[in-house]
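Only a predicted model underlies this, so the values are computations on that prediction, with no experimental measurement involved.
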Amino acid sequence: MVSQMRKLSPRISSALFLIIIAIFTTLHMNDTKRKLHFFVCGFPAHGHTNPTLGVVRNLIDLGYQVTYCSKEEFRESIEKNGAHFFAYSSKSLDSLVSSKVPSPDVHKVLLKSALEILPTLLPLNDQRKFDAVIYDSAAALWGQVLGDVWKCPSFYSNTPFLFTPEDTVEYMSEFMPNVDEEYLHNRALMKEKYNLSLQSDSVFDINNFSRATRIIVYVSPELQPNSEKFQGEKYIYLGNRFDNAPQPSTTRLEAGSTIYISLGTVFNENLNLLKTLIKVLSKTKYKVIVSVGKNDDIYKHLLPFQTGSNIDIYKFVDQLDVLNKASLFITHGGMNSIYEGLYLGVPMIVIPQMQEQRFNAYRIKELNAGLLLEAKQISEADIESALKKIAVKWDDYKKESLRLRATFLSSDNNKQVAKKIENIVKNFT
């Protein structure tokens, strides 16, 4: 080929040479791009996993590899989005996800889970070079250790709201840790073995993870409480989670319209509350859809209460599809449900089952997108009163829900965040 090029004019030879160089350069760049590999540390709950899948999908669309580690039950949804799946094992984490851990011990269990999981994950980088770690906030705090040890960028992936220390004291006091001998021992072990030193006893304190390269927040700045404290290039707001935006509900709250009830998939064992809600709503002219989650006992127990023709009880439903037709959402206030309710523009009655959900509920109340009811000793009269108040002020709640939806649509989407992550990793030194 070189001898043939010599027979050509110098100008043509130079042009061909540049073309060949360009082709080899492009192939090399594409090869480099293919080899970029992200490691995602997930927490095994739908509200923590689902928001991250859009970013994962878009990183893969950019030509990169993603390995996502979580519990086995999330394999299908993760692999469906194109990621490699890696299952980790932790008895402590199993007990936490099954709702058998008292709130003050959550921090202790998360620390213990990290110590159980890290010995399995750390050697993975001996077999495959990972270029960045994306980890589920405090819930998968072992992710920050991996980023430190592997000397690569780390992205603190925060699916709930970010909490200031003041928020933790005021709204999350139930989760202030039980600082006992075991907790202190495990915290010292994390420092000794992995150089992870918590700056405060609360693992929810964002200051504990200030060395993360970036912090991803899965809401718009307008929804995030105290967002003025979480500004600058450190923070990436992914407010628009859906690649194809579902349309908002247009149904008014009136006779025959749909009310959707869901108390989540984890902290959802308040059978008496569900009975009370069903009893009150069975006397109304609304169509009521109840989703109870994977608890077979609760599902079987509630089926006999499906007495009125207006009540339908399911284990699981397509939540976005139901919200698209709903006029009111009665929810536990999990972050995923709050987000999807607002995205579909549906006013809410929030009945939190745990402290984090209470913080979410206060935000919905503060922004006038719905009502807050306390779950403890809730009566039929309380529910009837809330339904009347929602009916009277429904237009106001609907207007605010749609305004917040608009902030999601104008915020960064999955593709934009994936590109930001790509640029950060490429320029990391």
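- Between W150 and F130, the ring planes lie parallel to each other; the angle is under 30°, not in the 30° to 60° tilted range.
- Ring pair Y88/W142 is perpendicular by interplanar angle, where above 60° counts as perpendicular and below 30° as parallel.
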*asked:* Set out, in order, the CA-CA distance, both residues' side-chain angles and the distance that settles side chain to side chain contact (heavy atoms under 4.5 Å, CB included) for I424 and I421, then state yes or no.
replied: CA-CA 5 Å; I424 291 162; I421 292 172; 5.6 Å; no
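- The aromatic ring centroids of F74 and F85 lie 6.0 Å or more from each other.
- Taking the six-membered ring for Trp, Y218 and Y339 have ring centres at least 6.0 Å apart.
- Residues V56 and I134 are not in side-chain contact: their nearest non-hydrogen atoms beyond the backbone lie 4.5 Å or more apart.
- Counting only heavy atoms from C-beta outward, the side chains of N368 and K393 approach each other to under 4.5 Å.
- Contact annotation: the side chain of L320 approaches that of D318 to within less than 4.5 Å [non-hydrogen atoms, C-beta and beyond].
- Side-chain N/O atoms of S220 and T407 include a donor and acceptor closer than 3.5 Å.
- Cation-pi contact between R214 and Y156: absent, since separation from the ring centre below 6.0 Å together with deviation from the ring axis within 45° is not met.
- Salt-bridge check for E340 with R241: failed, with every basic side-chain N at 4.0 Å or more from each acidic carboxylate O.
- One finds a salt bridge joining D131 and K129 here, because a Lys/Arg side-chain nitrogen approaches an Asp/Glu carboxylate oxygen to under 4.0 Å.
- In this structure, a donor-acceptor pair under 3.5 Å is absent between the side chains of K419 and N423.
- Remark: aromatic rings of F86 and Y68 are distant, center separation not under 6.0 Å.
- By the neighbour-count criterion of 12 heavy atoms within 6.0 Å, atom CD of E76 is sparsely surrounded, having that number or fewer from other residues, nucleotides or ligands.
- For the residue pair T67 and H37, a side-chain donor N or O sits within less than 3.5 Å of a side-chain acceptor on the partner.
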*Given the rule in the side chain to side chain contact (heavy atoms under 4.5 Å, CB included) test, do L115 and Y194 qualify, once you have shown the distances and angles that lead to the verdict?*
CA-CA 9 Å; L115 290 165; Y194 304 115; 4.0 Å; yes
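- E116 and K91 are not joined by a salt bridge, as no carboxylate oxygen comes within less than 4.0 angstrom of a charged side-chain nitrogen.
- Here CG of N414 is found 5.5 Å from CG of N58. Values are rounded to the nearest 0.5 Å.
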_Assess the residue pair S89 and T120 against the criterion (side chain to side chain contact (heavy atoms under 4.5 Å, CB included)); give the C-alpha distance rounded to whole Å, side-chain angles, the decisive distance to 0.1 Å, and a yes or no._
CA-CA 9 Å; S89 176; T120 304; over 6 Å; no
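- Summarising the local packing, NZ of K108 is surrounded by more than 12 heavy atoms from other residues, nucleotides or ligands at distances under 6.0 Å.
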*What's the verdict on side chain to side chain contact (heavy atoms under 4.5 Å, CB included) for L342 and M348, showing C-alpha distance, side-chain angles and the deciding distance?*
CA-CA 9 Å; L342 292 173; M348 287 176 257; 3.7 Å; yes
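- With contacts defined as side-chain heavy-atom distances shorter than 4.5 Å, the pair I383/L281 does not qualify.
- The distance from the CG atom of N324 to the CD atom of Q247 is 8.0 Å, given to the nearest 0.5 Å.
- Atom CZ of residue F38 and atom SG of residue C152 lie 10.0 Å apart, to the nearest 0.5 angstrom.
- Within a 6.0 Å radius of CD in E228, more than 12 heavy atoms belonging to other residues, nucleotides or ligands are found.
- We find that E374 and R358 are joined by a salt bridge, their nearest charged nitrogen and carboxylate oxygen being less than 4.0 Å apart.
- Using modelled atom types, one finds no donor on one side chain facing an acceptor on the other under 3.5 Å when comparing D382 with S385.
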*Apply ring pair (Phe, Tyr, Trp, His ring centres under 6.0 Å) to the pair F359 and F163, showing each step before the final yes or no.*
CA-CA 9 Å; F359 185 59; F163 304 110; 4.9 Å; yes
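- The closest side-chain donor-acceptor pair between Y260 and T331, if any, does not fall under 3.5 angstrom.
- No salt bridge links E380 with K275; every basic N to acidic carboxylate O contact stays at or beyond 4.0 Å.
- Side-chain contact check for L328 versus Y286: every heavy-atom pair is 4.5 Å or farther apart.
- Within the 4.5 Å cutoff, the side chain of V217 has heavy atoms near those of the Q224 side chain.
- Side chain of S157 to backbone of D136: no donor-acceptor contact under 3.5 angstrom is found.
- Without hydrogens or angle criteria, S327 side chain to T251 main chain gives a donor-acceptor distance under 3.5 Å.
- With salt bridges taken as basic N to acidic carboxylate O contacts below 4.0 Å, none links R57 and D61.
- With S154 contributing its side chain and G147 its backbone, the two residues share no donor-acceptor pair below 3.5 Å.
- In this structure, V417 and Y237 have side chains that are not in contact, with every pair of non-hydrogen atoms separated by 4.5 Å or more.
- Counting only distance, with no hydrogens or angles, the side chain of S227 and the backbone of F230 share no donor-acceptor pair below 3.5 Å.
- Annotation: side chain of N360 is not in contact with side chain of V350 (no heavy-atom distance under 4.5 Å).
- Classification of D148 and R211 as a salt-bridged pair holds, one side-chain N sitting under 4.0 Å from a carboxylate O.
- Under a 4.0 Å N-O distance rule, the pair E422/K426 qualifies as a salt bridge.
- Here the side chain of K398 pairs no donor or acceptor atom with the backbone of P347 at under 3.5 angstrom.
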